Visitor: 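Mind having a look at this structure? Questions to follow.
None of the values given here were measured: they were computed from a predicted structure. Only heavy atoms go into these numbers, but all of them, side chains included; no hydrogens, no water, no symmetry mates. Sequence lines set the chain letters: A, B, ... in the order given, protein chains first and strands last, and positions in each chain run from 1.
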There are 2 protein chains.
Amino acid sequence: MPTSTASRAEAALAGALRDAIGRLGRRMRHHANHPELSLGQLAALRSLDLHGPMSPSEMATHERVQPPSMTKIVARLEELGYVSRAAHPQDRRQVIVTISTAGAGLLEDDRRRRDAWMAQRLGVLDPEELAALRAALPALEKLSRS
Amino acid sequence: MPTSTASRAEAALAGALRDAIGRLGRRMRHHANHPELSLGQLAALRSLDLHGPMSPSEMATHERVQPPSMTKIVARLEELGYVSRAAHPQDRRQVIVTISTAGAGLLEDDRRRRDAWMAQRLGVLDPEELAALRAALPALEKLSRS
DNA sequence: TATTGTTATACTCTATAACTATA
DNA sequence: TATAGTTATAGAGTATAACAATA
């Protein structure tokens, strides 16, 4: 049974991956390079910057959180002035969330901060490891949204 | 400035990685394939299985959590009968945590469960993506403990 | 005094359930 | 009735601070 054998061989990958992701997430949450925003808030903002204005539901789907969680994330981002909420022109139930100039500025700042973060964190990796990480990024993206 | 340029180019990697890790961690925590134990508890147990008996402090260092967090993890694992705690023969301040037969059995069971989990999660990836993920695992491990 | 481990406490993030407004 | 969004509430996980026991 080649399939079973293959998948059993890769179960070790799944386990090690799960542990590493858990530890990494924990570290990232607590030693955030941007203390004002959580990982989830930052990811939502980046998604908005990348894909343009959208509704909270779409954002929730994209970031794989439940709608009430996204409500809170958007509320916090709006409170800080990084996004604005506007009524949908036709359907008044819907809300359109748009990134603000300040929000885009924060992401720009975040990019600069990541340079420093890299020196500390990704800096422990050698070029081969960095390349491996970059090559695996599409798979991680896909996995994180599947 | 080659260094600055390189690190700026890789800041995008850091950001995308951070977002993907965040989403993945969230998904893994909530759709756990082993509902009885959290990611952290499972990782601690795996670490114990891999490296042998050790003190809670060592476990905390290894898993990158604070000592009180590990106290709770170990307490839960002991409550469920997956580890046992014993006094250090010389230094009575220390505790030695050892994985139990049931704990080892749970990990064995977990390995089997991961086969099924794979079919659902890692199954969305094609062979190239799986290979990329496997190649990046050492870097992720290193990063998660650095 | 320093170290190991624990207890007490609080905070963040996320989820589910129930509700409001609109279609 | 169905859908978008929100509010209310609860639970899990982790941290920091304070404490007890031992070295």
Visitor: Looking only at side-chain atoms of B:Gln94, point me to the closest of C:dT4, D:dT14, C:dA8.
Guide: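 Per side-chain heavy atoms of B:Gln94, the pick is C:dT4.
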Visitor: Between C:dA10 atom P and A:His30 atom NE2, what is the distance in whole Å?
Guide: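 One finds 17 Å between P of C:dA10 and NE2 of A:His30, rounded.
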Visitor: Tell me, do A:Leu130 and B:Leu13 make a side-chain contact under 4.5 Å, heavy atoms counted?
Guide: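 Answer yes - side chains close enough.
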Visitor: May I ask you to test the B:Leu50-B:Arg46 pair for a side-chain heavy-atom distance under 4.5 Å?
Guide: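 Side chain of B:Leu50 against side chain of B:Arg46, heavy atoms only: no contact under 4.5 Å found.
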Visitor: Rounded to whole Å, how long is the line connecting atom CG of A:Leu39 with atom C1' of C:dT14?
Guide: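 The answer, rounded to whole Å, is 13 Å.
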Visitor: If you define the side chain from C-beta out and look only at heavy atoms, does anything of B:Arg26 sit under 4.5 Å from A:Glu63?
Guide: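 Result yes, sub-4.5 Å side-chain heavy-atom pair found.
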Visitor: From C:dT6, C:dT4, C:dT14, pick the nucleotide closest to the side chain of A:Ile73?
Guide: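 For A:Ile73, the side-chain atoms sit closest to C:dT14.
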Visitor: Between P on D:dT16 and CE on B:Met70, what's the gap in Å once rounded to a whole number?
Guide: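 Whole-Å distance recorded here is 15 Å.
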Visitor: Report the nucleotide, chosen from C:dA17, D:dA4, D:dT16, that has the shortest atom-to-atom distance to any side-chain atom of B:Gln66.
Guide: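 Out of C:dA17, D:dA4, D:dT16, the nucleotide with an atom closest to B:Gln66's side chain is D:dT16.
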Visitor: Quick one: are B:Arg112 and B:Glu108 in side-chain contact, heavy atoms under 4.5 Å?
Guide: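 Contact flag for B:Arg112/B:Glu108 side chains = yes.
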Visitor: Could you say whether A:Pro67 or A:Gln41 is positioned toward the 5' end of DNA chain C, judged by the nucleotide with the nearest heavy atom to each?
Guide: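 Going by which nucleotide is closer to the 5' end, it is A:Gln41.
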Visitor: Check the phosphate of C:dA21 against A:Arg92, side-chain N and O only, distance under 4.0 Å to OP1 or OP2. Yes or no?
Guide: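 No.
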Visitor: Measuring to OP1 and OP2 of D:dG13, would you say a side-chain N or O of A:Arg26 lies under 4.0 angstrom away?
Guide: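 So the side chain of A:Arg26 is outside the cut-off, no N or O lying under 4.0 Å from OP1 or OP2 of D:dG13.
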Visitor: Distance check needed: C:dC13 C1' versus A:Glu36 CD, whole Å only.
Guide: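 So the CD-C1' distance, A:Glu36 to C:dC13, works out to 17 Å.
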Visitor: What contact category does B:Glu63 fall into here, base, sugar-phosphate, or nothing, at under 4.0 angstrom with non-hydrogen atoms?
Guide: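 Here B:Glu63 touches no strand at all.
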Visitor: How close or far is atom P of D:dA10 from atom NZ of A:Lys72, stated in whole angstroms?
Guide: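 One finds 14 Å between P of D:dA10 and NZ of A:Lys72, rounded.
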Visitor: Looking at every heavy atom in both B:Ala136 and A:Ala132, which two are closest together, and how far apart are they?
Guide: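 Of all heavy-atom pairs spanning B:Ala136 and A:Ala132, the closest is CB-O, 3.5 Å.
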Visitor: What does B:Arg85 touch in the nucleic acid at a heavy-atom separation under 4.0 angstrom: a base, only the sugar-phosphate, or nothing?
Guide: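 Counting heavy atoms under 4.0 Å across all strands, the contact made by B:Arg85 is with sugar-phosphate only.
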Visitor: For D:dG13 and B:Ser38 - does any side-chain N or O of the residue sit under 4.0 Å from the phosphate oxygens OP1/OP2?
Guide: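 The answer is yes; a side-chain N or O of B:Ser38 sits under 4.0 Å from OP1 or OP2.
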Visitor: Using the side chain to side chain contact (heavy atoms under 4.5 Å, CB included) rule, pick out the option among A:Leu107, A:Leu106, A:Val83 that qualifies with A:Asp49.
Guide: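 Considering A:Leu107, A:Leu106, A:Val83, a side chain to side chain contact (heavy atoms under 4.5 Å, CB included) with A:Asp49 is found only for A:Leu107.
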Visitor: With the side chain of A:Arg93 defined as its heavy atoms from C-beta on, choose the nearest nucleotide among D:dA15, C:dA21, C:dG5.
Guide: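 Given the options D:dA15, C:dA21, C:dG5, the side chain of A:Arg93 is closest to C:dA21.
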Visitor: Please give, in whole Å, the distance from C:dT6 C1' to B:Met59 CE?
Guide: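 Whole-Å distance recorded here is 15 Å.
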Visitor: Below the 4.0 Å mark, does C:dT6 have OP1 or OP2 next to a side-chain nitrogen or oxygen of B:Thr71?
Guide: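 Yes, within the criterion.
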Visitor: Starting at atom CE of B:Met54, determine the distance to atom P of C:dT4, rounded to an integer number of angstrom.
Guide: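 Result: 15 Å.
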Visitor: Using a 4.0 Å heavy-atom cut-off across all strands, classify A:Pro68 as base, sugar-phosphate, or nothing.
Guide: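 Base, at least one base atom sits under 4.0 Å.
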Visitor: Is the distance from OP1 or OP2 of C:dA15 to the nearest side-chain N or O of A:Arg64 less than 4.0 Å?
Guide: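 Checking A:Arg64 against C:dA15: no side-chain N or O falls below 4.0 Å of OP1 or OP2.
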Visitor: Rounded to whole Å, please give me the gap between CE in A:Met28 and P in D:dT14.
Guide: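 A:Met28 atom CE is separated from D:dT14 atom P by 16 Å.
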Visitor: Determine: side-chain N/O of B:Ser69 to OP1/OP2 of D:dA15, distance under 4.0 Å, yes or no.
Guide: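 Yes, because at least one side-chain N or O of B:Ser69 sits under 4.0 Å from OP1 or OP2 of D:dA15.
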Visitor: So what does B:His88 touch, heavy atoms closer than 4.0 Å: a base, only the sugar-phosphate, or nothing?
Guide: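 No contact.
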Visitor: If you check every side-chain atom of B:Ser55, which of D:dT14, C:dT16, C:dG5 has the closest atom?
Guide: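 Out of D:dT14, C:dT16, C:dG5, the nucleotide with an atom closest to B:Ser55's side chain is C:dG5.
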Visitor: Heavy atoms only, 4.0 Å cut-off, all strands: where does A:Gln90 land among base, sugar-phosphate and nothing?
Guide: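 It contacts sugar-phosphate atoms only.
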Visitor: Nearest of C:dT7, C:dA15, C:dA23 to any side-chain atom of A:Asp91?
Guide: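 Of all the options, the side chain of A:Asp91 is nearest to C:dA23.
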